[in-house]
Each structure stands twice: as C-alpha cells, then as structure tokens.
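Before any comments, here is the structure.
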Amino acid sequence: MLGKHGKQLEDVKYNKAKKWAIVTLAGVIWIAPVMSAGGQLWSGTSWQSVAEAASTNTSKLSEEILTSGAKLMKYRYTTTRSGSKVNVLADVIQVDLQNPYVKLDVMTGKGNKLNSKQSTGGMAKENGAVAAVNGDYFNVSGEMSPIGGQVSDGVLVSTPSELKGMYALTVTKDGKPMIDEYSFDGTVKAQDGSTFALRGINKEDYTVETGSGTYSHANSMYIYTPAWTSTKRPNDPSTTPTEVLVQNNVITQISDKKALNMTVPSDGYILRAHGTAATWIMSHLSVGQTLGADYKLVAKTTGQSVDPSNLEMMIGGHTILVNGGKAASFSRDIASSGIGGVRARTAVGYSQDGRYVYIIAAEKNSNSSGLSLTELQSFMTSIGVWKGMNLDGGGSTTMVTRPLGEQSASLTFNTEYGTEQRQVVNTLGVFSTAPEGKLKGFAVSGNQTLLAGQEGKYAAKGYDTYYNPIATGNIPLTWKSSNNGIVSVSNGTIKGVKPGTATLTATSNGASSSIKVTVLGGNELASLTAGSGLGSLQAGTTVSIPVTATTKSGQSVTVPADSLTWEFIGFKGKVAGDQLTVSSVNDGAQVGYAIGRYDGYSTVVVLSTAASETIWENFENVNYPINFTTNAAGVTGSAAVVAGTDEKAGSKVLQLSYDMTGGTGKMYAYAQLNGSTGKDVSATATSMSMDVMGDKSLNWLRAEFTDAKGKTVYADLSKAIDWNGWKKVSVDLNGLNMAYPAKLKRVYVVNVEEGQDERAMTGTVAFDNIAFTMPSKSSEVGLPTGTASLVLGQKSMTVNGTTKTIDATPVLKNGTTYVPIKHVLDAFGGQANWDSKNQRITVIRGSKLIDLVVGQKEFVLNGKRQSATVAPYVSGGRTLVPLRLVSEQLGLTVKWEQNTKTVTISS
C-alpha cells in the first residue's frame, strides 16, 4: 500500500534554516526502475506469459444487473503458486458508457469535501451511488487529500502530484475513457497583464519527482478552492505563505508572509504562494483588482491538452497494469512501494472500443487468497481489459453494490479485516441517471443458507424498467420449492429440512423470482459451539447453550439448539430452546457430557463442579519482573505494570508501548513475563481470555507459551487490533496440542511486513484480568495416571508394571503406530463409542471429546474441525486409530523407542 493507513509521507524532517522539508514518500518518491513483464504470448484478446497461460484460468460464477447500464460479475481466477492450485474470487462492475442512464463519478470524504475521509459504503450512501470502490492513494498522516488528480461532477477538485509513473482514469462528458499520466499547466494573470505559473490546485506538501526533486510549495503558487476545508493551505511549517483571497474574480484580501486564518468562501478561492511567487504577488496584485486564472491538464503519453471542464470525472491511481490488452511494465517500483505481495486489490480499466469501464476488486478473506500485481494483470486481460491501472488496495479494498430492489448499496464481500470498511479520501462511484420507470419485477432476498430446523426470512422488493428500486409496498407472495425434501414451505414459512440445495420461487401477480437455498450439512461446518462449552454438574442446574455454527466459508450461523440431537453422559437432562437443564446426576459421576450433533457434527458441553473460568493474573500484586523486548533493531518501547485509567481506574494493568518507526521487516514488541522463563499455567486449559485496551493500530496481537515439552506455542488474540479502549478477547486453546504444565512467556504486538504501511508504527496497548478455563481441575479428577507400554507385534500391554493381554497388536503403518483406542482408555480412563453407520469413533476423556471418521484425516475436537496427516482405518474387523494423534489430543504423552519397537504412554 502506497501510504495507506500507516504512513505515506513517512518521515517529514524540517530544516528550519533552509525553510524546506525533506519528505520521504513510502512507495511514491523513489524513482521506479522499469520492470519488464517478461515473454509474451498472444491468447485471444489478451497477452500472457507462456507459463501463466498454461497455469491460469478465469471462469464467471455469476452476473447480476445493478442498474440500467451497470452489472456485477463474480469470477473465479485459478492460478498456481508454489506448485499448488489457488482459487481467487474477483468482483467486476461493468459500466456501459454508451448507456445514457448511468455515469461514473468520484466522491470525496464527507460532504464531498477534502480534508475528510469516510468509508466507501458511507460515501455511497451519502451520495446515492449504485456501487462504489475505494479510490486513490493518500497520506494518512497528512491532510486527507488524494495524491493524484480528481475531477468530480465536471469540477477539478485536485491536480495530479508531480510524481513519476502515477496514472489516472478520466472520462469525458461525452463518455470517452482514457488512462494516462497527467501533468498540470496553469497560470494566473494580474490586471496589469503579468502572469505567474500555477503549480497546482488543492495540494498538500510533498517532494516532487520532476526536475531536481524540489519541495512542492517552495517558490510556488497554488489555488485552494472551497473543496479544501482546512484553514491551513497546506499544514506546512517549512514555507511561509503569502495568501490572496479572490472572490468573484476580484482580489479582496492580501496577507503577506502570513496565512489568512479562514476557510475558503463559497464564492472564491485563495492563492497560496511562497518565495518568488510571493514576491510576484506583492509586486503585481492589489486589493480591488481583477485576477484571472487559466489551467489545463496534459496527457503525458499523447501530449494532448485536456480542459478539465470537458471531463465528467478523473481519479488518480498508481502504476499502469494493462496496455493494449497485455500486461504492461510497471511504471513504479513495486518492490519498494509497499504494494507487493498477495493482497486484496482494487483496479480499473476499459475495453478496446472504449465502451465499457471495468471496476475490479480481488477478494482476500476467508473465501479468497488475494492476488499479486502480476496475477491481477493476468486476470484483467482475461476479462477483456484493454488498458487498466492499479487503485488503492490491501485492507482498503472495498466494494459496495446495490442489489435489485434495495434502496442502498451494501458490502459486496468481506474485506481483509472482515466487515470493517476503512475510511478513505475518495471513491469511484456508479450512479443511475434514469427517470422513474414502471414496475418491471421484484427481487427476493433472504437466507441463502439454512441449517436443518432453521426458519428463513424472505422478502420481495420491486424494481422498475431501469432496474432501480421502486416503492411497491408489501408484495403478496406465493412460495414453492423445487425440492420439499430439502426445505419445507408451509403457510409462507420456509424451513430447512435436510442438507442439499433447493430453488425457492415466489410468484405475485404473474411475475416470479427465485432464490437458491442451501441447507448446510455437517461436512460444511468448521466449528459448532454451544455457549461456553462448560457448566456445573448439579441437579437442577440450567446452562445457557446458544449454539453457533461457523461454516468452512467463514459464515457464522445461529443454530436452534432444537435442531441438534443430544446425548447425555453422566447425567439425565433435556435441552429446550437455548437452555440445557440437568435433571439428575448419575451415581459417582464427577464429569458429565452433553453431546449435541448436527448432521453428525458434534459439539460438547462439559459439566463439572468447578468454576468455569479462573483469573490467572490481574496485575494487582506482581512479584516477578516484566520487561520490554523486541526482535528488530530500531524498535523501542516499554512494558510495565501501571495504574489503570478510565474504567480500570483504581486497579493496575500491564501496559505495553512501542515505537517501530526505526525498524524494518517483521517487527515485534514483547511484554515479557518473569524474565525469559514465563509464568506458570499449571493445569490443562481449554481457553484463555483477557481484557485488552486496543489502540486501533491494526497490528496483530498474540500470546506465546512454552509447554511442558519445551515446545513454543502461539495463540492469536486478534489478527487486527481494530478497536480503541477496553475489550474482552478470548482464544480457544483446544487444538494447540499444548502439553501442561505450561508457561505463558509473553503477550505482544506484531507488525508483519506485508501491508506494513497500513498499520500504525507506534501505539500503546494494555492487558488486565488474564483468565484461563481449566476444566481439568474437576473433569480430570479420578482419571488414572501412570505409564503404559505396548510393543509392536505383541498382544500385551504393560500398565504401571502389570502386563495385560489385549486382543489386537499395535500396527506400524507408514511410520505411524495404530492401536484400538479401547486399550488406551482402559489404562488412562475415558470411553469410546463406535457408530457403524457413519464409520465414526467418538472418544471422550476428561474435558476432551474427539470424533474421528474412518479414512478421513480431519477430526473434530470439542466442536472444532482439525486437520491431521493420518486417518483411522479398519483392519481385521477392528478399527485402528493413530495412537500419537489421539493420545496427545487427550492430554497424554507418547514416546517411541526404535530399538525395542516400544510405544510408551504416560499421563
């Protein structure tokens, strides 16, 4: 990202003696070496490298009309990375510039003013756009104006910066698109006939890349219009301004070597000058005189002069990507610009005949891995882009579109940070100019995925002959399903019945509309969680167990608890709504299990007599050292227990402050607990929580453990610190394969190299009330301990010195030892159940429940799907499971002795 959400004007160092600023522009100001796209192969309408053509494929997944003249198309782009096939989702808005009822325009911040920013969705809502994407790069620590040129609604808002290789898209008022580098050429003319060159309009300060690389505002003159809302033009302490207020082409104020302390009035503009430009003003201008200004844009490739008044819109971007239907050499150095790597991407281009503009967003989220710039070039050529350029991307990549019948645009896909939309300074919008038409049809919206037993909510909204929303009131609907075995339709209520896909069709007054509904199966789930997963094992206890499913695609779905089938072990009970009630406890039972299954996929609630969560450290009486450490030279900071503020006033917290501006690469800021050793976590923990004061730095927050075997284990507290103030965060420790007792070594902030410019280099976070859920305190009570050993090929097992006969020998297969799990559970406690219909083994021990399926390497641990490298199999009528995998998940330790072919298990 070029200056996005980290620092685009990265280091500003002021030389007071020389009155100028040295500005380092991350990814902008370095002069770009030419980077060749490599060997080319003509393929249809696009050029691709030979290797690329052989390994990539683009397929259209869907297409929907947004408004007359604009449609949204979703593509799957398949490529090969490191020898593996990768699928990426890309969304493309195609705008027909020959359609009289649609137009492109650029929206700016809030209220269409500079010096402000807003999310893409917010700008679309404010301005009534049918669709929009984030636009130009900007200096996030500056004055919130675009780096490139901008024309909105035919008005020149901002001129291009004098930076090499920065392209822009323009569309003329008669619908002609062009992508080129643009420069600015302007003059002001005094009443006495003398003139002086204008350097630009509404620009903040920077170091130019033309000529000798001078400072932008030194010895220069700029115009600031009412679009510039700040009272400082720009906020620049390195050059002393002389300013002239011009209203209705008449000079009304002149301030020599002092800024006018005002915003620009709606009927005029302010000239801002320095050095030789200021001298010219004092020599040739007086209050009461008229002043004229004349300016134009110049397309650098063709040398063509462009009158801004002939443009409908202009938006700046970065490097050119496609030229003449083939991948172009990058016009800027991608390696040093910070926009390399595999990221979410935003781009724009047009067809060879100039009729269609393509607004492109490549997704990077749980469904899609993003694109490199080279892959983006390949994708763009594959869909017919003749000339195209890069827009701002990474975490700012956001597309909003308006579904048929809806009044406003909404997020088309999740961003790199989920549903969060970054605030940006401008966006490229699609607008309908059509008059209100007649009712053409209606669109059905509602749940496209259901779980068995879940009711869906559906509505119909009308659209007119131009595909714009129309007020129709409530449309009476009659429903039918293509497959009532998948969903049921009864008195207008739609309910999931069993896994599969059905088409729901609604009819009204002769018109019809359909929507596909998929009832999810257990094989499509990544996790199934019932409340906290813990409760008290006492008769009469009621436990809240709201059930949430997460699909493999990342969708979170609330599951009616009644949609699950429940089995109770160690007690008798019932589930009604979201409540589990313990009716009675079995004699001698110290642990109880409520196992809920959705289409075979399990979740478990472990009941015990212990409290569900225990505060491990609240920092009130810390008697061990806490230190700040880092991995990178140049990174500084502090870690200490301090007095809390705000809601933590009166208590103590662990505060971690960091400054990474002097570091490079992947950088860490650690709060180290108890020197280099860490603080003990004595018993098996299934989850950890803590209060965290966020700094909205978007950095990564982690915890690091050292387990009983000396292994380092990492736990992600948050992939992005996207909040300010205190918030409770929780992390599931199941599946981390951590051996206890363990030590929590440190909590820390990570600023990874990829997209580093989007994240803050400095900040302060704090921690309080670190707590662990340790069901082992009760659920492990009574479990046998000791040591057991098995020898390959022998039907015997030695447990705590006593040899017992077993009915099957351990088997070594492809380097993995397999045994009937029954023998391990006989020695160390627990139970196993076999479901012959589904070929599933369910293993329970202490606080753990594992589901394994014959032939499948995936397994489910306490409701979460996990991956393994081995799978159970059937041999001689016995089901054999991977010994190490299962034993270690159950909290046991497994060792292999090669010479004697002996497996030793201990607890």
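In what follows, every heavy atom counts, from backbone to side chain, and hydrogens, waters and symmetry copies are set aside.
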Find the distance between NZ (K864) and OH (Y601) and round it off to the nearest 0.5 Å.
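Reported value, rounded in 0.5 Å steps: 8.0 Å.
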Could you tell me if the side chain of [Y] sits less than 4.5 Å from the side chain of [X], heavy atoms only?
| X | Y | value |
| --- | --- | --- |
| Q454 | V557 | yes |
| V843 | Q889 | no |
| I569 | F571 | no |
| L504 | I494 | yes |
| T893 | K709 | yes |
| F705 | K743 | no |
| R597 | D851 | yes |
| V559 | L528 | yes |

Between Y818 and Y873, does the ring centre distance come in under 6.0 Å?
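Yes, ring centres under 6.0 Å apart.
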Between W479 and Y458, does the ring centre distance come in under 6.0 Å?
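Yes: the rings meet the under 6.0 Å criterion.
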What do the steps show when you test S907 against T785 for side chain to side chain donor-acceptor pair (under 3.5 Å), and what is the final call?
CA-CA 5 Å; S907 65; T785 60; 4.9 Å; no
Would you say [atom1] of [X] has more than 12 non-hydrogen atoms from neighbouring residues, nucleotides or ligands within 6.0 angstrom?
| X | atom1 | value |
| --- | --- | --- |
| K572 | NZ | no |
| K711 | NZ | yes |
| Q831 | CD | yes |

List the atom of [X], the atom of [Y], and the distance in Å for their closest heavy-atom pair.
| X | Y | answer |
| --- | --- | --- |
| L525 | A549 | CD2-CB, 4.0 Å |
| R845 | Y593 | C-OH, 4.1 Å |
| P403 | S408 | CD-O, 4.2 Å |

Under 4.0 Å between a side-chain nitrogen and a carboxylate oxygen: does that hold for [X] and [Y]?
| X | Y | value |
| --- | --- | --- |
| R865 | E858 | yes |
| E524 | K552 | no |
| R402 | E406 | no |

Among side-chain atoms of [X] and [Y], is any donor-acceptor pair under 3.5 angstrom?
| X | Y | value |
| --- | --- | --- |
| N365 | E363 | yes |
| W726 | D646 | no |
| S512 | T505 | no |
| N769 | D691 | yes |
| S556 | T550 | no |
| T842 | N833 | no |

Test applied, side-chain contact (heavy atoms from CB on, under 4.5 Å); reference residue, D695; option that passes from V765, V749, L656:
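That would be V765; it is the only one of V765, V749, L656 passing the side-chain contact (heavy atoms from CB on, under 4.5 Å) with D695.
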Which residue is it: V731, L717, L654? I am looking for the one with a side-chain contact (heavy atoms from CB on, under 4.5 Å) to M690.
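Answer after filtering V731, L717, L654: L717.
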Does the Lys NZ or Arg CZ of K679 fall within the cation-pi geometry relative to W616 - under 6.0 Å from the ring centre and within 45° of the axis?
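Yes, K679 lies over the aromatic ring of W616.
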Could you please spell out the steps behind the side chain to side chain donor-acceptor pair (under 3.5 Å) verdict for K495 and S488?
CA-CA 5 Å; K495 192 172 184 178; S488 65; over 6 Å; no
Going through the checks in order, is the side-chain contact (heavy atoms from CB on, under 4.5 Å) test met by I595 and V604?
CA-CA 5 Å; I595 304 170; V604 62; 4.3 Å; yes
From CA spacing to verdict: side-chain contact (heavy atoms from CB on, under 4.5 Å), S563, L451
CA-CA 8 Å; S563 297; L451 293 164; 5.7 Å; no
Aromatic rings F568 and W566: how do their planes relate, parallel, tilted or perpendicular, breaks at 30° and 60°?
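Parallel.
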